[in-house]
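The structure under discussion appears below in the form of structure tokens.
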2 protein chains.
Amino acid sequence: MQRKFQAIYDVIAREIQAAKMEAGQLLPSENELSERFETSRETVRKALQLLSQNGYIQKLQGKGSVVLEQNKLPLPVSGLTSFKELARSMSQTVETQVLALKHKLADEYMQEVLQCEKDTPVWELHRLRKLDGEAVIYDKDLLLAACAPALTEAIARDSIYDYLEQEVGLSISYARKEVVVEEAEATDTEVMDMGGYQQLVVVRSAVYLEDTTLFQFTESKHRPDKFRFVEFARRTK
Amino acid sequence: MQRKFQAIYDVIAREIQAAKMEAGQLLPSENELSERFETSRETVRKALQLLSQNGYIQKLQGKGSVVLEQNKLPLPVSGLTSFKELARSMSQTVETQVLALKHKLADEYMQEVLQCEKDTPVWELHRLRKLDGEAVIYDKDLLLAACAPALTEAIARDSIYDYLEQEVGLSISYARKEVVVEEAEATDTEVMDMGGYQQLVVVRSAVYLEDTTLFQFTESKHRPDKFRFVEFARRTK
DNA sequence: AAGCATAACTTGTATATACAAGTTATGCAA
DNA sequence: TTGCATAACTTGTATATACAAGTTATGCTT
């Protein structure tokens, strides 16, 4: 048996997104749902917990599960959404330009950020993201070559995550991110359309696989006026 | 019985933070833990799930739960951490100056951001945050007065959340946040030490109670060089 | 010695039961 | 009519059991 609670989550999440369930309404009770999906109450509860975590519902003891209003502008930098998904909901025309894709051996900087041995084979990937013709995002990736043997420019232009998860069979699991504002460097201003700005929003992230190996380090620089980060956060008591 | 799994979570989280458990090590198995804490395996699993969500451990089917490396610099804007907690780990000297605390009736702008009726009583609160003597954060809060009857300057200087949760008995539950970079306005440059910057990082957040009522809207403006946002994010498949 | 099946672990999922705790509507009593 | 106890719902927590699925070490077979 594989993930009945996941299937229930998908069904209800889809219904909420399709606005079949209006915001403010109560979901059917856990007992009713367990009958409808022909499963136990605990399995339904697992699905509801996921929905709650992702901001679809709010559970109220004694009352039920309230459907929350969905963000009109779902701009997800949160979670681990990739640029491909991000771009889709953001802009009219999107273009990715691969500036560099090189196989290298880890120098000191790469060693540190990827926490690997010296001379470990890595991919160095530089990409320029154009929204509506303007080069406003500059991504620099470092990836463990061992995890991504046959990386090509075509893949880098499309989606690395799709390739890794579907072709290579890797499971990306979690990431640590940092968002800061920094002065633009000469190399940035050479390739980006700066639009008069001197600073850039820099998102640095370390991405880990299921087995906790750090396999990717990304530095993503955004022109300030094109940067937006939205988040749904639950209070941890 | 109240939250045995929470107690187990607290114990293990504390152990990891105190570095009694080293990063990379395996936790005792779920069966061992359930014996140690004299409880069932399911209860242990709930505690481990929380630990996993919050970035303390990574679960590996067939192997066990690996302790993850804790962030050396745990700068939490993520979640719903309040400024008071944030400041503690960030800077040497921290000072909050209350610029304004007024009881008002909702105008059109307040109506919209708080999603309330016209003329609903609200608190308008302006605070200036000084780190090491520099005024680098400017917070503007709007709160439903019905939820915070006796707000005072002293409370605003200390912690509103402590007051609301401990005195009034409210339960803050979740929030939607947005982070963008905007041009500083005249009112900003008047009160803040801009340090030559023209832009500000603006964090807007809508905070909700357990019963899903929106009760607070905050606009927090940060001088770019003093802003940092870190996050632990799990991939949702 | 090398390779492979297997046993003995680990976590993941699904089920059933019991009771606690919070909400709401019912209906009786004053 | 008003007020209050209560019954009938809701979700929250804890327990026990069973089996699936992944990992690792053991030991036998070749």
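The sequence lines fix the lettering, A, B, ..., with proteins before strands; numbering per chain opens at 1. The shown structure was predicted, so the numbers you read here are calculated from the model rather than taken from an experiment.
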Can a donor-acceptor pair be found, under 3.5 Å and without considering hydrogens, that links the side chain of [X] to the backbone of [Y]?
| X | Y | result |
| --- | --- | --- |
| B/R204 | B/V180 | no |
| A/R127 | A/A156 | yes |
| A/Q58 | B/E210 | yes |

Complement of C/dA25, any strand, by Watson-Crick or G-U distances under 3.5 angstrom: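 Base-paired to D/dT6.
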Across all strands shown, which nucleotide pairs with D/dT13 by Watson-Crick or G-U wobble geometry, both distances under 3.5 Å?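 Base partner found: C/dA18.
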Tell me: [atom1] of [X] to [atom2] of [N], nearest whole Å?
| X | N | atom1 | atom2 | value |
| --- | --- | --- | --- | --- |
| B/E210 | C/dT23 | CD | P | 10 Å |
| B/E38 | D/dT13 | CD | C1' | 18 Å |
| A/L48 | D/dT13 | CG | P | 14 Å |
| B/N31 | D/dT15 | CG | C1' | 14 Å |
| B/R45 | D/dA16 | CZ | P | 16 Å |
| A/E30 | C/dT15 | CD | P | 14 Å |
| B/D211 | C/dT24 | CG | P | 11 Å |
| A/Q49 | C/dT13 | CD | C1' | 14 Å |

Would you tell me if any nitrogen or oxygen in the side chain of [X] comes within less than 4.0 Å of OP1 or OP2 on [N]?
| X | N | result |
| --- | --- | --- |
| A/T43 | C/dT13 | no |
| B/K63 | C/dC9 | no |
| A/S29 | D/dT10 | yes |
| A/K59 | D/dG12 | yes |
| B/R41 | D/dT15 | no |

Any side chain to side chain donor-acceptor pair (under 3.5 Å) pairs touching residues 16-30 of chain B, not counting sequence neighbours? B/Q17-B/Y56, B/E30-B/R41, B/E30-B/R45, B/E30-B/K59
Once the angle between the rings of A/Y208 and A/Y174 is folded into 0 to 90°, is it parallel (under 30°), tilted (30 to 60°) or perpendicular (over 60°)?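 Because their plane-to-plane angle is under 30°, the rings of A/Y208 and A/Y174 count as parallel.
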So which nucleotide from [options] ends up closest to the side chain of [X]?
| X | options | value |
| --- | --- | --- |
| B/K4 | D/dT11, D/dT15, C/dA14 | D/dT15 |
| B/E42 | D/dG12, C/dT13, D/dT13 | C/dT13 |
| B/Q61 | D/dG12, D/dA20, D/dA16 | D/dA20 |

